[in-house]
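Taking it in order: structure first as structure tokens, then the write-up.
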Amino acid sequence: MIAEGKIYFKYLRMHLLSGMEYKGWWLMLIQVLVVVISDPISTVLLFSRFGNIGEWTVAHIILVYALAIASFGLAESFCRGFDYFPWQMLRSGDFDRLLLRPRSLFVQVAASRFHLHRAVRPITGICAVLWALSKLGVSLTPAKIGILLMALAGGCLLYCGVFVLTSGLAFFTIKGLDWIYILTNASYQITRCPEPYMPGALKSMFSFVLPILFISFYPAATVCNWGYPKWLGLMSLPAGAAFLGLSLLVWRIGVRHYKSTGS
């Protein structure tokens, strides 16, 4: 396990150094920063124009939204290789090279891509979380910090699971499925809607199919004492790990059914 970890971070270091060889690499950081900051502007403008939704202020919404987007950014930064896998490894036949190496396929695929500018998303999301907590007057204690860290870790595992699931299905579909992006970029948009106002079908889907609420809304509710059972805020890490585990099962089934380009 330690050896695999060293190889993983050595891969990331290589990608980082190669990316910084380009003189304009910092422009990508600015581009992602602008996209991340401008994304929730419509929500802020709606609240500034029409006011609060009951007891829900813009700070409430930003807190939940920022937890989700920071989690997605962490997964996007450290597990990006699975997002590229269907197009740049499976269809091209490059996956055969990985099978010849006596190392973990998961590590090789996960570390096959790393873009420094992707790290802007989780950093910006964490800053937004801290801003929202200050606006809500929430003082951080060690217990609350632990809940937030578990939410980020569970969310990272959850979105890594989405990337792995995409790659696992690609063994049977030959290419990535576009609808799977409903579970990535589109999924964290659901957190802009307060949980009490969500339709029942959406609430069930994003609790038990893709547990977005368990890595965003419920941890926020526990930290801010919104009246929900506190144990729900502790389920973020188990929920993310369970989804990743199911995705890895699909991935392993796909690997077993893989037909080499040379066979």
Side-chain angles (χ1 to χ4, degrees), residues 39-75 125 128-129 132-133 135-136 138 144 147-148 150-166 168-169 177-247 249-250:
D39 194 29
I41 282 182
S42 60
T43 302
V44 176
L45 292 177
L46 282 173
F47 274 83
S48 64
R49 176 65 179 85
F50 299 104
N52 300 337
I53 304 175
E55 61 183 8
W56 294 91
T57 66
V58 67
H60 289 83
I61 302 301
I62 292 297
L63 174 59
V64 179
Y65 173 79
L67 281 173
I69 200 171
S71 299
F72 175 71
L74 288 171
V129 168
L133 290 173
K135 293 291 288 185
L136 294 171
V138 177
K144 291 180 179 179
I147 291 173
L148 293 174
M150 285 194 298
L152 292 174
C156 179
L157 294 178
L158 171 67
Y159 280 114
C160 285
V162 174
F163 293 140
V164 173
L165 178 63
T166 304
L169 294 175
L177 301 173
D178 291 338
W179 60 263
I180 207 76
Y181 291 105
I182 297 175
L183 306 181
T184 55
N185 299 66
S187 64
Y188 56 76
Q189 303 295 342
I190 193 67
T191 57
R192 297 186 186 188
C193 177
E195 189 265 359
Y197 296 95
M198 282 186 188
L202 282 180
K203 192 181 299 186
S204 298
M205 176 180 178
F206 289 104
S207 294
F208 305 110
V209 179
L210 184 71
I212 296 294
L213 295 179
F214 281 101
I215 59 97
S216 58
F217 181 83
Y218 294 127
T222 300
V223 169
C224 298
N225 295 316
W226 290 344
Y228 288 78
K230 293 188 180 298
W231 64 268
L232 289 174
L234 303 176
M235 292 298 294
S236 53
L237 196 54
F243 189 88
L244 177 59
L246 292 174
S247 300
L249 179 61
V250 176

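Residue numbers run from 1 in the order of the sequence given. Because the structure is predicted, anything quoted here is derived from the model rather than measured.
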Do [X] and [Y] have side chains that get closer than 4.5 Å, going by heavy atoms?
X	Y	value
L133	C224	yes
F206	M198	no
L158	I212	yes
T57	L136	yes
L157	F243	no
K135	L63	no
T222	L234	no
S207	F214	yes

So, taking the atom named [atom1] in [X] and the one named [atom2] in [Y], what distance separates them when rounded to the nearest 0.5 Å?
X	Y	atom1	atom2	result
C193	Y65	SG	OH	14.5 Å
L249	L165	CG	CG	10.5 Å
I147	L152	CD1	CG	12.5 Å
L74	I69	CG	CD1	11.5 Å

query: Do the ring centers of F217 and Y228 come within less than 6.0 Å of each other?
result: yes
[X] versus [Y], closest heavy-atom pair with distance:
X	Y	result
P219	S236	CG-CB, 4.2 Å
V64	A220	CG2-CB, 4.0 Å
S187	Y159	OG-OH, 2.9 Å
V164	S247	CG1-O, 3.6 Å
C156	A75	O-CB, 3.5 Å

query: Among V129, T191, I215, which one satisfies side chain to side chain contact (heavy atoms under 4.5 Å, CB included) with L67?
result: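 That would be V129; it is the only one of V129, T191, I215 passing the side chain to side chain contact (heavy atoms under 4.5 Å, CB included) with L67.
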message: Is there a side-chain contact (heavy atoms from CB on, under 4.5 Å) between Y218 and E195? Walk through the geometry before answering.
response: CA-CA 9 Å; Y218 294 127; E195 189 265 359; 3.4 Å; yes
